[in-house]
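Just below is one structure, and these are the notes that go with it.
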Number of protein chains: 2
Amino acid sequence: MECRVTSLLRDKGFKVTPQRLAIYDVLAKTKAHPSAEMIFNELQPLYPTMSLATVYKTIEILKELKLIQVLNVGEDSFRYDAKTDNHPHINCCKCGKVEDILGIDATDFIDTIASQTSYRLTGQQFYFYGVCSECQKTEKLPQ
Amino acid sequence: MECRVTSLLRDKGFKVTPQRLAIYDVLAKTKAHPSAEMIFNELQPLYPTMSLATVYKTIEILKELKLIQVLNVGEDSFRYDAKTDNHPHINCCKCGKVEDILGIDATDFIDTIASQTSYRLTGQQFYFYGVCSECQKTEKLPQ
DNA sequence: CTATATGCAAATATTTTGCACTGCT
DNA sequence: AGCAGTGCAAAATATTTGCATATAG
């Protein structure tokens, strides 16, 4: 049994390489929404010869195959998420982590927007900002 | 009568310079949500000696004074908005323009999120993506 | 007059590209 | 074997920084 990534790559005429699978795996197995650099660093021990360029080129393909989605919470770099359903994200302003918000039904909100705009909607991205529970604790410690 | 920007700058110990006022004015008078480069280009005719560095430095101050908000719809650069109330934005995937969505009350949606997260919320940003009405027309023309 | 701001140029950071070599299929 | 993919280095793009000069207060 072939996994989804393997068959999708092959179907679209892309070659299945260890690098591509490894990059997708990093994204599939983390909830940290890593940037290209973070993916690169994560893979260094296992693939010491892998280049950042390969990470970027692979991300491009994974995006095209809709295997990942792109996030931009307002940092200078992009982050990537292998969960491709369109859920909101929340970003801690103190530690910078980005987490999924799952189990939200935004249908009503989206419908309201759809009915008020002349655009044909194709998607949306909801970002929330705040302080995570860990950072809230730290905040309250003296100094 | 002094305008808000002038007095706010002065109050916080920043000097009031023609450059700073001009940059804020560009943002206050447009609905295009320009990037730093777009602001710079807009000001070229009037302030031919202004440098991009000044645009970036001024944006930093305006952000600090909460006179502008920062947007990132997923481009490689940031955009800025002098409307600082937290309204959704919509981005046309064809022509790239970014427009305000006004008159939406997202309180219920935000409250739902607030009640489901352990974060102390400080803000949010809603981006919608689609095809604007102008681009929809163009789309349908033969070729 | 003094301290801050500007403008230039150089530095930094992120992402993209060109090309010789490698390795899937 | 053939062609797409990788890795390196260089380029492109966006943003930041250092510093000499200009200017607001």
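Every heavy atom of this structure was used, including side-chain atoms; hydrogens, water molecules and symmetry mates were not. First the proteins, then the strands, lettered A, B, ... as listed; each starts at 1.
When distances run from any side-chain atom of B:P18 to the nucleotides C:dT14, D:dA24, D:dT15, the shortest one goes to D:dA24. Candidate nucleotides C:dT25, D:dA9, D:dG5 were compared by shortest atom distance to the side chain of A:V16, and C:dT25 ranks first. Of the candidates C:dT6, D:dT6, C:dG7, C:dT6 carries the atom nearest the B:T17 side chain, counting heavy atoms from C-beta on.
Using a 4.0 Å cut-off between charged side-chain N and carboxylate O, B:E60 and B:K57 make no salt bridge.
Per the geometry, NZ belonging to A:K15 stands 11 Å off C1' belonging to D:dA1, to the nearest Å. Between A:M38 atom CE and C:dA13 atom C1' there is a gap of 16 Å when expressed in whole angstrom units. For the pair B:R79 CZ and D:dA14 P, the computed distance is 12 Å after rounding to whole Å. What separates CZ of A:F40 from P of D:dT6 is a distance of 14 Å, to the nearest Å. The interatomic distance linking A:Q19 (CD) with D:dG7 (C1') rounds to 9 Å, in whole Å. Rounded to a whole Å, the CG atom of B:L21 is 14 Å from the C1' atom of C:dT6. For the pair B:R10 CZ and D:dT23 C1', the interatomic distance rounds to 14 Å; values are reported in whole Å. With rounding to whole Å, A:R20 atom CZ is found 4 Å from D:dG5 atom P.
By the side-chain contact (heavy atoms from CB on, under 4.5 Å) test, A:K97 pairs with A:C92, A:C95, A:E99, A:C132, A:E134, B:Y119, sequence neighbours left out.
A donor-acceptor pair shorter than 3.5 Å can be found between the side chains of A:Q125 and A:Q69.
If you check residues 54-72 of chain B against DNA chain D, the residues with a heavy atom closer than 4.0 Å are B:Y56, B:K57, listed by number.
Without hydrogens or angle criteria, B:D81 side chain to B:K83 main chain gives a donor-acceptor distance under 3.5 Å. Judged purely by atom type and a 3.5 angstrom limit, B:S77 has no side-chain atom pairing as donor or acceptor with the backbone of B:S35.
Phosphate proximity of C:dT6 to B:S51: absent, as no side-chain N or O sits under 4.0 Å from OP1 or OP2.
Hydrophobic clustering keeps B:Y127 apart from A:F109 (ILVMFWY residues linked when any side-chain heavy atoms are closer than 4.5 Å, directly or through intermediates).
Between A:L9 and A:V5, some side-chain heavy-atom pair lies under the 4.5 Å cut-off.
The terminal axes of the helix from C:dC1-D:dG25 to C:dT25-D:dA1, fitted over 5 pairs per end, subtend an angle of 40° to the nearest 10°.
Of the residues near DNA chain C, B:M50 and B:D76, the one whose nearest nucleotide (by heavy atom distance) lies more toward the 5' end is B:M50.
Using cut-offs of 30° and 60° for the angle between ring planes, the A:F126 and B:F126 rings count as perpendicular.
The environment of NZ in B:K63 is crowded: more than 12 heavy-atom neighbours from other residues, nucleotides or ligands sit within 6.0 Å.
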